[in-house]
Amino acid sequence: MTLSRKACERRVYRLATLLTGDPIAATRVIEAVVDAQPDLRRLDSARLDRLTVLRCREIEPGRLVHDAVPAAAAEALAGLPAQPREAWVLTNACGLSLRETARSMDCSITATTRHLEHARRALAETLGNAAEDAPAAFRACSASLGVPDFYRRRRARRLQRRRILALVGLLALILALLWLVDAVSPG
């Protein structure tokens, strides 16, 4: 299944925000993942998630601040090691199956299961009974996340600058050719 550019941006933004807790960093992940792809039609959702997970590992996780997510749950999730946090977010907040999560994390189903169990145990120890409500809170948060307008405006400005530079380069090439033709012609 191929995703449109906007769908790819939204998917990456949601996952990156949940994994890092930082919406600004999540927009940088969009740039690093989506903008780096020469052809988004050749990118399936598992590969897109995998690239997002890898980029998010480069960012120190913070506590997600969102109305739908209790602060204690966000803090507990941010305190997990990378792979258990990724397994928990992909299965509980993003709703992926165990197989899809394993593909996105590029590990076996057995390893994914262990990471998921580690995350569940750690969250249960930290949150107690509130750990049962955490998946629904993070799903609600994920559903409400959309790519911010400032990212779209910044991207539009970058594209406009590229077009202007391409036009200036084309004009410079035309002028150089005209000069060369004038210099070579007898006269």
field: The single option from D49, T52, L51, T17 passing side-chain contact (heavy atoms from CB on, under 4.5 Å) against V12
entry: T52
field: Heavy-atom donor-acceptor pair, E100 side chain to S97 backbone, under 3.5 Å
entry: yes
message: Between L77 and F138, does the side chain to side chain contact (heavy atoms under 4.5 Å, CB included) criterion hold? Intermediate values first, please.
response: CA-CA 10 Å; L77 187 65; F138 278 93; 3.5 Å; yes
- prompt: Within the distance-only criterion (no hydrogens, no angle test), does the side chain of R139 pair as donor or acceptor with the backbone N or O of N92 below 3.5 angstrom?
  reply: yes
query: Distance-only, no hydrogens or angles: does the R14 side chain make a donor-acceptor pair with backbone N or O of A143 under 3.5 Å?
result: yes
- request: Could you walk me through whether D182 and L178 pass the side chain to side chain contact (heavy atoms under 4.5 Å, CB included) test, one step at a time?
  value: CA-CA 6 Å; D182 189 47; L178 289 173; over 6 Å; no
task: Look at E125 together with R121 and state whether they make a salt bridge at an N to O cut-off of under 4.0 Å.
output: no
statement: Minimal heavy-atom distance between P23 and G21, with the atoms involved, is CD-O, 3.7 Å
field: Residues, nucleotides or ligands: over 12 heavy atoms within 6.0 Å of R154 CZ
entry: yes
- prompt: What's the shortest heavy-atom distance between A73 and A134, and which atoms?
  reply: CB-CB, 4.4 Å
message: Going by the rule salt bridge (Lys or Arg N to Asp or Glu O under 4.0 Å), which residues pair with E132 if we only count those two or more places apart in sequence or in a different chain?
response: none
Side chain R63, main chain A74, donor-acceptor under 3.5 Å: no
- prompt: Should L54 and L40 be counted in the same cluster of Ile, Leu, Val, Met, Phe, Trp and Tyr side chains packed under 4.5 Å apart?
  reply: no
task: Indicate yes or no for a side-chain donor-acceptor contact from R10 to the backbone of L145 under 3.5 Å, with no hydrogens or angles considered.
output: yes
field: Any donor-acceptor N/O pair, T27 side chain to I24 backbone, under 3.5 Å
entry: yes
query: Step by step, would you call L15 with L90 a side chain to side chain contact (heavy atoms under 4.5 Å, CB included)?
result: CA-CA 8 Å; L15 181 55; L90 288 165; 3.7 Å; yes
- request: Go through the structure and list residues passing side chain to side chain donor-acceptor pair (under 3.5 Å) with R57, not counting sequence neighbours.
  value: E86
query: Going only through I, L, V, M, F, W and Y residues with side-chain contacts under 4.5 Å, is there a path from I164 to L173?
result: no
message: Just by distance, no angles: are the side chains of H66 and S144 close enough, under 3.5 Å, to form a donor-acceptor pair?
response: yes
- prompt: Taking all atoms of both residues into account, what is the closest heavy-atom pair of L18 and C94, and its distance?
  reply: CD1-SG, 4.3 Å
Within 6.0 angstrom of N129 CG, more than 12 heavy atoms from elsewhere: no
message: Treating R85 as the side-chain partner and L19 as the backbone partner, does any N or O pair qualify as donor plus acceptor under 3.5 Å?
response: yes
message: Please determine whether a side-chain nitrogen of the Lys or Arg among E117 and R114 lies less than 4.0 Å from a carboxylate oxygen of the Asp or Glu.
response: no
- prompt: Is any NZ, NE, NH1 or NH2 atom of the basic residue among D35 and R158 found under 4.0 Å from an Asp or Glu carboxylate oxygen of the other?
  reply: yes
query: Does a side-chain N-to-carboxylate-O contact under 4.0 Å join R103 and D44?
result: yes
message: Count I, L, V, M, F, W, Y as connected when their side-chain heavy atoms are under 4.5 Å apart, and connections chain through other members. Are I109 and W88 then in the same cluster?
response: yes
task: Verify salt bridge (charged side-chain N to carboxylate O under 4.0 Å, His left out) between R55 and E58, making sure each step is shown before the conclusion.
output: CA-CA 6 Å; R55 288 297 181 175; E58 300 169 1; 3.5 Å; yes
task: Search all heavy atoms of A137 against all heavy atoms of A68 and return the closest pair with its distance.
output: CB-O, 3.2 Å
